[in-house]
Amino acid sequence: MTGLPPKYDFRTAEPVIQEGWSSSGVYHFDPNHPGEAYLVDTPPPTVSGRIHVGHVFSYTQADVMIRYHRMRGRNVFYPFGFDDNGLPTEVFTENNRGVRARDVGRQAFIEACLGLSHEVEAQFERFWKRLGLSVDWRLRYSTIDPRSRRVSQAAFLQLHETGAAYRQEAPTLWCTSCRTGVAQAEIDDKEGVPSQFTTIPFGLDDGGELSIATTRPELLAACVAVFVNPGDDRFRHLVGSFATTPIFGARVPVLADAQADPNKGTGAVMCCTFGDVTDVGWWRNHQLPLKVVITPDGRMNSMAGQYEGLTLAQARARILDDLGAAGLVRAQRPIEHVVGVHERCGTAIEYLLAGQWFIRLLDRKDTWIEAGRRMRWHPDHMRARYESWIEGLNWDWNITRQRYYGVTFPVWYCRSCAHVVTATREMLPVDPQDTPPPVDACPGCGASEPGWHVADPDVMDTWATSSLSPQICATLAEPFGVDATTFESRFRPMSLRPNAHDIIRTWDFYTIVRSIYLTGDIPWTDVLISGHALDPAGKKISKSKLKAAEDPTAMLEQFSADAVRYWATSVRTGGDTALSEEVFRNGSRLVTKLWNAVRFASGFLEGYAPPRTTPIEHLNATDRWMLARLAETTTRATESLDLYEFAAARIEVERLFWTDLCDNYLELVKARLYEGDAPGAKYVLHHVLLAVTKLLAPYLSHVTEAVYLGAFAGVDGRDSIHVAAWPEPDPAWSDGATASIAAGNAILEVVEAVRRWKSERKLSVAAPLASIVVECPSPLDEALRVAMTDLRGVTRASAIEIRTVAAGPVTVTDIQA
RNA sequence: GGGCACGUAGCUCAGUUGGUUAGAGCGCUACCUUGACAUGGUAGAGGUCCGGGGUUCGAGUCCCUGCGUGCCCA
């Protein structure tokens with residue numbers, strides 16, 4: 001062991017340490033490693049702006065677990081991806097570059113997106129390195145790079161061949177602002193939206209009227225039926241008759257269906273194609289006609305007659321006016337209700353008919369739930385989120401987006417018969433817009449005239465590619481001589497999927513679905529769910545209103561990467577946490593304390609080589625207690641980490657380090673260290689400090705590296721603490737542990753009693769004492785006598801008398817200054 | 001409306017299978033510059049463990065119920 005410099009300055013130290021990791025390749029995956037592998041399917045962050053503290057929170061927690069497994073000797077595969085296409089990237093590019101996709105043209109827009117993505121990804125990578133993520137940066141991917149496009153298109157073709165992906169002209173969740181179909185997972189519930197619940201009369205053939213209540217009068221022109229509950233006596237006689245819509249005069253059937261709620265409105269409800277998901281179900285089950293009255297950009301079409309061209313909101317106002325003017329408003333009251341909105345833009349979701357590609361979800365719900373149960377979720381209750389999402393699914397997964405920038409569908413359609421022509425595997429990745437299909441004539445109808453085919457004009461949902469991250473990861477070792485097939489056969493399933501709880505319903509769910517379809521196997525064995533970082537007041541941090549206090553880069557500069565990592569792992573697994581300067585400072589303090597403790601010890605351990613076997617003959621009661629506590633703490637911390645309880649593990653280690661080691665053990669052994677050879681104290685000091693440094697290495701990855709390289713590497717023998725062996729207690733340390741702990745507590749009783757006595761008299765703890773008398777039952781009295789040098793040193797008493805008593809607690813009965 | 005969390009010291013939280021006197025950090029009070037560290041140390045004050053009921057020799061912990069907060073889904 002050699003000495004450490006007096007001060008540890010993270011501002012100069014952290015960049016040097018990080019550079020060392022880069023140049024030594026300490027985090028490199030070794031495909032030929034014979035041992036157990038640990039493969040991480042890291043979340044590729046959406047490249048749509050700045051780094052968010054939520055990223056820091058989640059990625060650090062995963063990194064701590066990964067570092068732990070690396071030190072346990074696992075062959076870690078830790079890639080890093082970027083999700084940089086699709087609607088989020090488009091919106092980001094449009095805002096950042098001031099361009100509109102539909103104005104500049106598809107190709108120019110794609111280039112703008114790519115250029116911006118590359119810039120932002122470089123920034124992100126620099127940031128992750130500064131935070132100290134132990135990523136193998138050779139394994140970097142983007143979901144739009146050619147390799148990912150090839151994987152994505154190949155997966156699409158495979159699902160198409162098995163029927164799991166199908167194309168259908170079907171009612172589709174639609175955003176009129178983004179002008180694209182969307183998936184159920186992209187819809188947020190917006191609560192408390194004010195609206196009017198208006199009761200309007202439909203005419204009956206006998207001249208009477210049947211009133212219905214609606215919040216969507218603008219869809220009146222799309223009404224195709226009126227529904228009542230089959231058990232509702234008020235309307236039973238009308239079932240099978242017809243009603244006529246006001247204004248438009250359409251004659252529609254009155255039908256019975258259990259989904260009509262007799263307690264809502266008048267009990268009769270109009271069915272429009274389409275106002276909501278219930279309408280879609282009725283349309284299907286009762287085989288109703290189709291009347292689509294709105295355009296893809298949210299205006300009324302010619303079916304809406306005099307209202308054509310108006311926006312939905314304008315049409316609603318005009319129709320209500322017209323109904324009122326005609327005396328056709330029977331009742332109206334303001335309500336607040338929940339509206340499904342597009343998560344990207346907040347626009348209310350509509351239901352349109354469109355030709356879209358879907359992946360089957362609804363007919364295999366049990367399969368998805370069962371797959372989730374084959375994985376370990378940390379914390380376990382997060383599995384409930386996954387299952388409740390699946391149980392509530394109403395739609396297959398629409399993967400078609402009427403957008404510009406994304407992975408294209410490798411298909412063409414025959415203009416004559418609409419036959420789907422797919423690309424061959426050798427063509428991938430392919431853009432059907434600028435590449436002809438692999439056949440000269442339509443396999444369906446034989447059409448072969450010039451222009452017989454048309455390329456699919458759309459792109460895939462981003463999740464359709466990012467849900468393939470395990471399959472993309474399998475291609476990342478190709479440059480090192482391991483092809484994807486070999487990789488998958490050796491390393492499937494992967495070990496860990498870490499992500500925040502808000503994307504369980506998307507990324508986790510879709511990835512499990514794709515993995516089952518493509519491989520029949522679960523994608524990973526463990527899922528680590530993180531909570532959210534909240535602002536200092538405990539409120540949600542909105543992405544658009546980041547304050548300076550929430551800037552992750554500023555945090556690193558002010559408090560150090562280690563302090564930020566400390567903060568991010570100070571919460572129970574899966575919990576939310578508020579930003580707190582106090583916790584950052586606690587992290588900084590721990591960094592300083594560790595440095596000082598090791599530096600102090602290193603003065604005595606210069607050139608010390610610990611014996612292979614525990615030198616029991618040199619250990620006194622203080623030493624045995626310290627070793628027993630070390631063994632106990634190491635075991636507990638390891639058990640907690642095996643359960644992904646990183647915060648619980650660290651609390652154990654901190655208690656051992658700060659209280660037992662620094663406050664007590666170091667003070668107890670100082671006399672022996674200064675006075676003589678002290679082989680027992682040196683043995684314990686070496687092991688407990690090395691072990692604590694290692695136990696903290698996953699969290700405080702920088703200062704522990706500096707301490708290790710400066711003080712321990714020579715003896716421990718590795719080039720980095722992060723590939724050093726995880727501490728394993730010598731069984732001898734735990735021999736008679738119960739007695740050792742009891743003896744240690746007896747020693748601490750004496751220490752604390754003397755400290756209390758001095759404190760009450762406002763004396764320094766270093767104030768000398770003439771004598772003290774300790775009353776102590778057997779066999780603890782023997783332990784105290786063996787630790788006499790330590791007790792004299794820490795109490796500064798010239799004479800200590802140990803009186804053996806029959807029973808009772810250890811007490812200090814007489815203190816003479 | 002259903003589900004899942006959470007509710008413990010002024011604040012942020014820990015309390016494993018029910019078991020002595022309920023813990024930590026910060027803050028607060030008093031003191032100590034002690035031969036690693038003042039980004040430190042010592043001592044101290046501070047709690048009807050959200051309310052109610054139950055099981056038990058014994059409940060912060062298990063069960064029921066009510067209240068409050070947050071999230072997910074209708």
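Per chain, numbering begins at 1; letters A, B, ... match sequence-line order.
Remark: C1' of B:rU42 and CD1 of A:I815 are 14 Å apart, rounded to the nearest angstrom. Atoms CZ (A:F646) and P (B:rA14) sit 12 Å apart, rounded to a whole Å. Between the CD atom of A:Q184 and the C1' atom of B:rC72 there is a distance of 13 Å, given to the nearest Å. When rounded to the nearest whole Å, the span between NZ of A:K540 and C1' of B:rU69 equals 15 Å. Summarising the geometry, the separation between NE2 on A:H501 and C1' on B:rG3 is reported as 15 Å, rounded to the nearest angstrom. Between A:I504 atom CD1 and B:rC71 atom P there is a gap of 15 Å when expressed in whole angstrom units.
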- Message: Would A:R672 and A:D623 count as a salt bridge (Lys or Arg N to Asp or Glu O under 4.0 Å) here? Give the steps.
- Response: CA-CA 11 Å; A:R672 268 191 284 159; A:D623 301 328; 2.8 Å; yes
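In the model, A:E654 has no side-chain atom that pairs as donor or acceptor with a side-chain atom of A:Y699 under 3.5 Å.
Taking every side-chain heavy atom of A:D189 into account, B:rA74 is the closest of B:rA74, B:rA36, B:rA43. Side-chain atoms of A:V338 lie closest to B:rA74 of the nucleotides B:rA74, B:rU39, B:rA36. Out of B:rA5, B:rA43, B:rG35, the shortest distance to the side chain of A:H381 is found at B:rA5. Side-chain proximity of A:R505 to B:rA43, B:rC72, B:rC37: nearest is B:rC72.
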Check the interface with nucleotides 28-32 of chain B: list each N/O to N/O pair with the protein under 3.5 Å, or write none.
from: B:rA30; atom 1: O2'; to: A:K762; atom 2: NZ; distance (Å): 2.6
from: B:rC32; atom 1: O2'; to: A:S764; atom 2: OG; distance (Å): 3.1

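Backbone-only engagement by A:W389 is indicated by non-hydrogen atom pairs under 4.0 Å involving sugar-phosphate atoms exclusively. Across all strands, A:T592 comes closer than 4.0 Å to base atoms (heavy-atom distances).
Of all nucleotides present, only B:rA30 satisfies the Watson-Crick or G-U wobble test against B:rU42, with each distance under 3.5 Å. When Watson-Crick and G-U wobble pairs are counted only if both distances are under 3.5 Å, B:rU48 pairs with no nucleotide at all. Pair assignment for B:rA5 gives B:rU69, based on Watson-Crick or G-U wobble hydrogen-bonding distances that are each under 3.5 Å. Pairing for B:rU12 goes to B:rA24, judged as Watson-Crick or G-U wobble with the two contacts each under 3.5 Å.
Listed by chain and number, the residues in a side chain to side chain contact (heavy atoms under 4.5 Å, CB included) with A:E632 are A:R629, A:R636, A:I741 (sequence neighbours excluded).
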- Note on the structure: Quick tally for nucleotides 7-13 of chain B: nucleotides whose base has a protein heavy atom under 4.0 Å get B, sugar-phosphate-only ones S, the rest -, giving -------
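Counting all heavy atoms, side chain and backbone alike, A:W389 lies closest to A:F509 at NE1-CD2, 3.8 Å.
In terms of position along RNA chain B, the nucleotide closest to A:T659 lies nearer the 5' end than the nucleotide closest to the other residue of the pair A:T659 and A:R756. Mapped onto RNA chain B by nearest heavy atom, A:R585 and A:Y674 fall at different nucleotides, with A:Y674 at the one closer to the 5' end.
Judged by distance alone, with hydrogens and angles left aside, the side-chain atoms of A:D716 form no donor-acceptor pair with the main-chain N or O of A:F712 at under 3.5 Å.
Taking the six-membered ring for Trp, A:F559 and A:F584 have ring centres closer than 6.0 Å.
Salt bridge status for A:R374 with A:E370: present, with a side-chain N to carboxylate O gap under 4.0 Å.
The aromatic rings of A:H378 and A:Y644 sit parallel, their planes meeting at an angle under 30°, below the 60° perpendicular limit. Relative orientation of the A:W283 and A:F274 rings is perpendicular, given thresholds of 30° and 60° on the angle between their planes.
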